[in-house]
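Report on one structure; see the data block that follows.
All residue numbers refer to positions in the sequence shown, counting from 1. Ligands are counted one by one from 1 in listed order, and the atoms in each one are counted from 1 as well. Computed from a predicted model, the values in this text were never measured in an experiment. Reckoned from all heavy atoms, side chains included, excluding hydrogens, waters and symmetry mates.
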Amino acid sequence: MTASSPHEPDHGEPPVPRQQQFTPSASTPSTPDAVTPRNRSLDEQPEHEREPVNDEHSPLLPPADYDAFGARSGGRSDGHDDDSQTTKSLWYLTILTIGIGGLQIAWSVELSNGSPYLLSLGLSKSLMALVWIAGPLTGTLVQPYVGMLSDSCRLSWGKRKPFMLGGAAATIIGLLFLAWTKEIVSGMLSLFGADPESHGVKITIIVTAVIGVYLLDFAINTVQAALRAFIVDCGPAHQQEAANSMASRMTGIGNIIGYIAGYVNLTTPLWFLGNTQFKILCAIASISLGSTVILSASVIKERDPRLDGPPRKKQSIFLFFFTLFKSIKRLPPQIKRVCQVQFFGWVGFFPLLFYTSSYIGEIYVQPFLEKNPHMTPEEIDKLYEQATRMGSFALLINSIVSLLVNVFLPFFVAPTYDSHPVGDSSESGTKKSFLDHLRIPGFTLRRAWFGSLILFAIVMVCTVFVRSVNAATALIGVAGITWAITLWAPFAIISAEISRRDALARARRPRRSNRDAPPPLAPATGHTSPMEMTEAPKEEEVDQAGVIMGIHNMSVSAPQIIANIGSSLIFKIWQKPRGTPGDHSIAIVLALGGLFALVSAFFVLRIKDDVSVPPETLADEEHGDADQDDDDDESPDGDFSGSTKPGYSAVPTGEADAPRLVRNPSFGGLEVASGSDR
Ligand SMILES: OC[C@H]1O[C@H](O[C@H]2O[C@H](CO)[C@@H](O)[C@H](O)[C@H]2O)[C@H](O)[C@@H](O)[C@@H]1O
């Protein structure tokens with residue numbers, strides 16, 4: 001594969017950008033068997049008093065049956081069918097996340113083969129940076145915007161599916177348009193008598209292809225935003241760690257498929273898909289993306305968003321920045337910390353993704369250049385071609401390591417953000433499977449993430465000292481461990497948090513539906529449910545999965561812009577002309593990236609393993625007061641009775657019908673169970 005890099009320093013062959021992987025987890029047991037009294041009270045409510053939301057079936061309801069995937073499924077026995085919080089099977093999680101794999105093939109085709117393709121059209125290397133900034137730029141702007149739009153979507157078939165399907169269609173059009181730009185543009189211009197070989201037509205082709213890359217990135221980011229929120233919405237809160245580990249496996253598989261497809265000469269066996277390697281790759285990516293997204297969208301059922309009532313506000317592009325700023329400000333603390341980790345971490349990952357191939361190449365060419373400092377341009381080209389192959393091999397090793405880590409690591413990590421649905425007294429809830437025995441006590445996802453960032457920092461600093469291709473390849477391989485965890489941990493932690501909050505908000509909603517009713521009072525027992533907070537946060541103040549995942553993606557993409565600019569400056573200072581020995585500028589960029597990863601590891605320490613936030617704290621957080629109590633906002637034993645926060649009664653209820661928050665003793669998760677489960 002003549003892979004090349006988006007942000008290639010001018011001297012080497014274009015580095016091969018790459019991405020990676022993912023992984024899984026054991027599915028957790030099912031929820032309680034009793035129908036919660038809360039639902040009884042809903043059913044007893046007079047029809048005229050019910051808001052649409054009352055029709056919403058609590059995600060907190062217990063399972064009654066097994067679902068189509070063989071998992072225990074819940075839902076109400078009264079005909080309502082929301083089983084969103086019932087434990088799902090591995091098969092369900094696979095279909096839920098498979099679109100991520102299809103999307104990754106599109107990413108890897110674009111990033112690995114886009115540079116050589118654009119160069120072949122005649123784009124100069126100096127303009128390449130302008131092209132590759134498209135990914136981080138669209139990632140920063142498009143994902144939060146699409147997130148907001150989808151949060152407000154009220155189509156009966158779901159909030160996310162319209163964007164998944166629309167974005168996938170746009171991506172397919174974008175891929176095919178990019179691959180056939182030359183034919184399309186010259187064919188159209190020739191209708192007006194233009195000579196396809198003329199300078200004007202060539203320039204038009206290049207400009208069109210560059211615009212095509214921007215549109216493609218726009219479309220890809222639309223699908224990515226929708227798919228990520230889809231996982232949060234359709235995976236139960238207690239299985240977000242598992243769902244996101246599966247998504248990271250999908251990323252790894254998609255990456256390797258895209259990677260291998262780039263290596264193999266496809267023009268003979270797959271001639272019917274196009275007459276060039278790039279056209280065939282784009283066709284493969286289109287088929288993969290289209291089929292996986294359609295499969296996911298047709299099998300997985302989204303909650304009908306109309307049950308959430310009307311959208312809070314009409315979204316407009318003008319209000320976008322204003323709303324975004326507000327949403328960033330009120331980000332829940334746990335999510336804010338993950339974004340901080342990502343922000344610093346991605347300054348370090350950017351060079352790994354984009355400069356690895358050049359780095360290996362830089363080392364490979366050194367002895368040859370030292371031995372023969374006066375090579376002809378042809379000899380230099382040949383040398384750098386071999387160097388690029390070495391770089392690609394290192395990336396392949398990195399991808400394989402990542403995939404292996406994504407597949408196997410989850411078996412050893414003790415779940416913290418996945419929780420065992422509380423109240424499940426069934427056998428399935430207590431029996432340990434063989435895989436459960438593999439878990440290393442205390443080896444949590446957060447700790448794995450922390451360790452991996454430290455490892456990454458060490459590895460990146462070592463790149464400056466390493467002088468052999470084998471040693472450098474080993475370092476890049478080890479960095480695959482960090483990359484694998486990066487594709488899992490932040491998504492798992494954020495998704496679990498959003499999903500948990502969403503479940504709580506929905507649990508609370510029916511209680512607030514009767515707006516004329518007086519504020520909830522403590523019942524005769526003198527106790528009020530933790531859910532019955534007298535100052536529950538306003539609906540408008542609670543952000544949904546779309547915008548939060550979009551903001552998280554900003555913390556991934558924006559630092560890439562910074563890293564891009566920063567590394568360009570470093571290259572300006574330290575880079576030597578191509579073919580000159582002693583150029584270690586890329587290693588310097590990698591090492592500096594490692595230092596940023598070190599900073600990000602510090603922020604991991606601030607993330608909490610125990611997510612059993614008492615409801616009054618949750619309410620504080622939603623009011624934006626959360627930062628003040630960063631370190632003491634959790635009740636370690638899950639006892640919510642000791643609230644001293646003003647304005648909230650958070651005393652355990654004596655009422656049988658009050659939903660309550662329960663911390664799972666083994667996993668530290670949070671569930672809502674009926675009072676009778678206590
Ligand atoms: O998080 C995994 C993904 O990371 C990269 O995507 C991120 O960077 C892109 C720009 O380079 C940006 O457009 C996107 O919004 C970000 O999520 C990587 O390119 C993906 O392959 C990978 O799945």
Side-chain angles (χ1 to χ4, degrees), residues 5-7 15-23 97 99-115 129 131-147 167 171 174 213-229 231 244 247-259 262 285 289 338-339 341-343 345-356 395 398-399 402-403 406 480 482-492 494-495 549-564 567:
S5 160
H7 310 276
V16 187
R18 37 73 63 167
Q19 300 113 56
Q20 280 86 309
Q21 16 306 33
F22 84 59
T23 321
T97 56
I100 294 277
L103 181 69
Q104 193 60 35
I105 297 178
W107 263 128
S108 60
V109 164
E110 187 199 342
L111 294 181
S112 304
N113 297 274
S115 289
V131 173
W132 293 117
I133 202 79
L137 262 185
T138 48
T140 305
L141 297 172
V142 172
Q143 289 214 26
Y145 186 58
V146 168
T171 302
V213 170
Y214 272 79
L215 294 178
L216 178 60
D217 283 351
F218 192 111
I220 286 182
N221 272 296
T222 301
V223 189
Q224 191 171 315
L227 282 173
R228 283 291 175 190
I231 295 172
N244 282 285
S248 68
R249 285 181 181 137
M250 293 299 168
T251 307
I253 293 170
N255 213 33
I256 298 250
I257 292 175
Y259 204 80
L289 178 66
V338 171
C339 290
V341 176
Q342 289 284 66
F343 187 88
W346 272 85
V347 176
F349 300 140
F350 175 83
L352 177 79
L353 288 176
F354 292 103
Y355 301 145
T356 291
L395 286 170
N398 175 285
S399 300
S402 277
L403 183 56
N406 281 138
T482 310
W483 180 243
I485 298 177
T486 296
L487 290 178
W488 176 25
F491 295 101
I494 290 188
S495 305
M549 295 310 284
I551 291 170
H552 167 251
N553 200 66
M554 288 175 78
S555 73
V556 163
S557 301
Q560 295 186 51
I561 300 173
I562 296 169
N564 190 355
S567 48

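- In this structure, Phe349 and Trp346 have perpendicular ring planes: the angle between them is above 60°, well past the 30° mark.
- Heavy atoms of Leu111 come nearer than 4.0 angstrom to ligand 1 in at least one pair.
- Residue-ligand proximity, Gln560 to ligand 1, at heavy-atom distances under 4.0 Å covers atoms 7 (C), 8 (O), 9 (C), 10 (C), 11 (O).
- In summary, the atoms of ligand 1 found under 4.0 Å from a heavy atom of Gln143, numbered by their order in the structure, are 15 (O).
- For ligand 1, the polar-atom distance check against Gln224 finds a nitrogen or oxygen pair separated by under 3.5 Å.
- Set against the non-hydrogen atoms of Leu487, the atoms of ligand 1 under 4.0 Å away are 2 (C).
- Residues Met250 and Gln104 have side chains not in contact (no heavy-atom distance under 4.5 Å, counting atoms from C-beta outward).
- Heavy atoms of Ser557 found under 4.0 angstrom from ligand 1 belong exclusively to the side chain.
- Taking every non-hydrogen atom of Gly139 and a distance limit under 4.0 Å, the qualifying atoms of ligand 1 come out as 13 (O), 15 (O).
- The backbone N or O of Val109 sits nowhere less than 3.5 Å from a side-chain atom of Ser112 that would complete a donor-acceptor pair.
- With a heavy-atom cut-off of 4.0 Å, Thr486 does not touch ligand 1 at all.
- Although no hydrogens or angles enter the test, the distance criterion places no donor-acceptor pair under 3.5 Å between the side chain of Ser495 and the main chain of Ala492.
- Neither the backbone nor the side chain of Asp217 has any atom closer than 4.0 Å to an atom of ligand 1 (non-hydrogen atoms only).
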Could you go step by step and tell me if Ile133 and Tyr214 meet the side chain to side chain contact (heavy atoms under 4.5 Å, CB included) rule?
CA-CA 9 Å; Ile133 202 79; Tyr214 272 79; 3.4 Å; yes
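- Considering backbone and side-chain atoms together, Asn221 places an N or O closer than 3.5 Å to an N or O of ligand 1.
- Judged by distance alone, the side chain of Ser567 and the main-chain N or O of Asn564 form a donor-acceptor pair under 3.5 Å.
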List the steps, then state whether side chain to side chain contact (heavy atoms under 4.5 Å, CB included) holds for Leu227 with Ile231.
CA-CA 6 Å; Leu227 282 173; Ile231 295 172; 5.6 Å; no
Verify side chain to side chain contact (heavy atoms under 4.5 Å, CB included) between Thr171 and Phe218, making sure each step is shown before the conclusion.
CA-CA 8 Å; Thr171 302; Phe218 192 111; over 6 Å; no
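- The side-chain contact (heavy atoms from CB on, under 4.5 Å) with Thr140 is formed by just one residue from the set Val556, Asn553, Asn221, Ile561; it is Ile561.
- Annotation: Gly135 places an N or O atom under 3.5 Å from an N or O atom of ligand 1; distance criterion only.
- Atom 17 (O) of ligand 1 has its nearest heavy-atom neighbour, among Ile100, Asn553, Val556, in Asn553.
- Here Trp346 has side-chain heavy atoms under 4.0 Å from ligand 1, and that is the only part of it that gets that close.
- Considering backbone and side-chain atoms together, Gln104 places an N or O closer than 3.5 Å to an N or O of ligand 1.
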